[in-house]
Amino acid sequence: MANKNFMRFLFLHYAYMIHLLHGVLNLSPPIFRTLIFKLILKKKGKRVFIDTNVYFRYPNRVSIGSDVSVNRGCSFYPSYHFKEAEIILGSNIRLGPNVCFLAAGHDHTQIDLPDTAAKIEIKDNVWIGANTSILQGVTVGEGAVIAAGSVVNKDVPPYQIHGGVPAKYLKEREVIH
């Protein structure tokens, strides 16, 4: 019981510190924010723009490739308990406002709601529209597009456009070279 209380104490203080850090980041100039994100993220590529009011729950479990734009209000929730449940963004990705990545959750089939988690991976050249949620275990294939307001609970094949709740196939993405 004492160990459980101690872990709860640590968790509550971590939550306080991470919220404090995000508050400071939101008030900081872009060059300072870039340096801090380089330190706290597992990986941060070149030419990454992270707007204000972006939330990383466990930033050391989030990797971001190069040429990525993360719009304001996006949230990243990898798992604390499952180390393999990271969030990985490839390169040349655009995220609309308020995109939410949820790599952790709970098993609703059990009364005590045990933790569940799985990696989320977004491949290169993907655009995810505003107010979209990407759930645990999902891989979004290279060149895919996710329509605004979608909930993605299954893998999205490369160069397809998906949308809706839950997200479903809409059409192929035609890329003009």
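- Shortest non-hydrogen contact noted between P78 and A104 is O-CB, 4.3 Å.
- Contacts classified as salt bridge (Lys or Arg N to Asp or Glu O under 4.0 Å) and involving residues 48-66 (residues at least two apart or in different chains) are given here: D51-R72.
- No side-chain heavy atom of V62 sits under 4.5 Å from any side-chain heavy atom of K43.
- Linking Ile, Leu, Val, Met, Phe, Trp and Tyr residues whenever their side-chain heavy atoms come within less than 4.5 Å places I120 and V151 in a single cluster.
- Distance SG/C100 to CD1/I134: 9.5 Å, rounded to 0.5 Å.
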Legend entry - From CA spacing to verdict: side chain to side chain contact (heavy atoms under 4.5 Å, CB included), R94, V70: CA-CA 6 Å; R94 304 295 176 261; V70 180; over 6 Å; no
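- A donor-acceptor contact shorter than 3.5 Å links the side chain of Y169 to the backbone of E172.
- Under the 4.5 Å side-chain contact rule for hydrophobic residues, Y159 and V126 do not share a cluster.
- More than 12 heavy atoms of other residues, nucleotides or ligands shown are found within 6.0 angstrom of NZ on K44.
- Between V68 and G65, the shortest heavy-atom contact is CG2-O, 3.6 Å.
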Inset, instruction - Carefully, step by step, assess I64 and I50 under the rule side chain to side chain contact (heavy atoms under 4.5 Å, CB included). - result: CA-CA 10 Å; I64 300 176; I50 301 173; 4.2 Å; yes
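- To the nearest 0.5 Å, atoms OG (S69) and CG (L89) are separated by 11.5 Å.
- Shown here for A85 and A118, the closest heavy-atom pair between the two residues is CB-N, 3.6 Å.
- Under a 3.5 Å cut-off, the side chain of D67 and the backbone N or O of S91 do not form any donor-acceptor pair.
- With T132 contributing its side chain and A147 its backbone, the two residues share a donor-acceptor pair below 3.5 Å.
- In this structure, NZ on K154 lies 14.5 Å from OG1 on T139, to the nearest 0.5 angstrom.
- Within the structure, ring pair (Phe, Tyr, Trp, His ring centres under 6.0 Å) pairs that include any residue of residues 94-135 comprise F76-F101 (at least two apart or interchain).
- No side-chain donor-acceptor contact under 3.5 Å links E142 to the backbone of P158.
- Follow the hydrophobic side-chain contacts under 4.5 Å out from V140 and you reach V165 in the same cluster.
- Rounding to the nearest 0.5 angstrom, the gap separating the CD1 atom in I128 from the CG atom in N71 is 12.0 Å.
- F49 and V99 fall into different hydrophobic clusters, where Ile, Leu, Val, Met, Phe, Trp and Tyr side chains are chained together by heavy-atom contacts under 4.5 Å.
- A distance-only check finds a donor-acceptor pair linking the side chain of N26 to the backbone of N53 [under 3.5 Å].
- Screening residues 15-42 for ring pair (Phe, Tyr, Trp, His ring centres under 6.0 Å) gives H19-Y55, H22-Y55, F37-F56 as the qualifying pairs, with residues at least two apart or on separate chains.
- Judged by distance alone, the side chain of N60 and the main-chain N or O of K42 form no donor-acceptor pair under 3.5 Å.
- Other residues, nucleotides and ligands contribute at most 12 non-hydrogen atoms within 6.0 Å of the NZ atom of K171.
- The shortest heavy-atom contact between A103 and I87 is CB-CG1, 4.1 Å.
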Inset, instruction - Carefully, step by step, assess S63 and E86 under the rule side chain to side chain donor-acceptor pair (under 3.5 Å). - result: CA-CA 8 Å; S63 299; E86 298 180 327; 5.2 Å; no
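- Cluster membership for I18 and L102, using ILVMFWY side-chain heavy atoms within less than 4.5 angstrom, is shared.
- With rounding to the nearest 0.5 angstrom, the CD1 atom of I36 is 12.0 Å from the CD1 atom of I31.
- Counted within 6.0 Å of CG on L39, heavy atoms from surrounding residues, nucleotides or ligands total more than 12; the atom is thus considered enclosed.
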Inset, instruction - Start with the C-alpha distance between H162 and V152, add both sets of side-chain angles, then the distance that settles side chain to side chain contact (heavy atoms under 4.5 Å, CB included), and finish with yes or no. - result: CA-CA 8 Å; H162 284 230; V152 183; 6.0 Å; no
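- With hydrogens and angles ignored, the 3.5 Å screen pairs a side-chain donor or acceptor of T34 with a backbone N or O of P30.
- Between S79 and Y58 the shortest heavy-atom distance is C-CD1, 4.2 Å.
- Shortest non-hydrogen contact noted between N125 and R173 is O-NH1, 3.1 Å.
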Legend entry - Worked verdict on L35 versus K38 for side chain to side chain contact (heavy atoms under 4.5 Å, CB included): CA-CA 5 Å; L35 291 172; K38 184 103 174 133; 5.6 Å; no
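- Put simply, the side chain of S150 never gets that close to the backbone of I146: no donor and acceptor are under 3.5 Å apart.
- The number of heavy-atom neighbours closer than 6.0 Å to CD1 of I111, taken from other residues, nucleotides and ligands shown, is 12 or below.
- Without hydrogens or angle criteria, S66 side chain to G45 main chain gives no donor-acceptor distance under 3.5 Å.
- Atom-to-atom distance recorded for I88:CD1 and E121:CD is 5.0 Å, nearest 0.5 angstrom.
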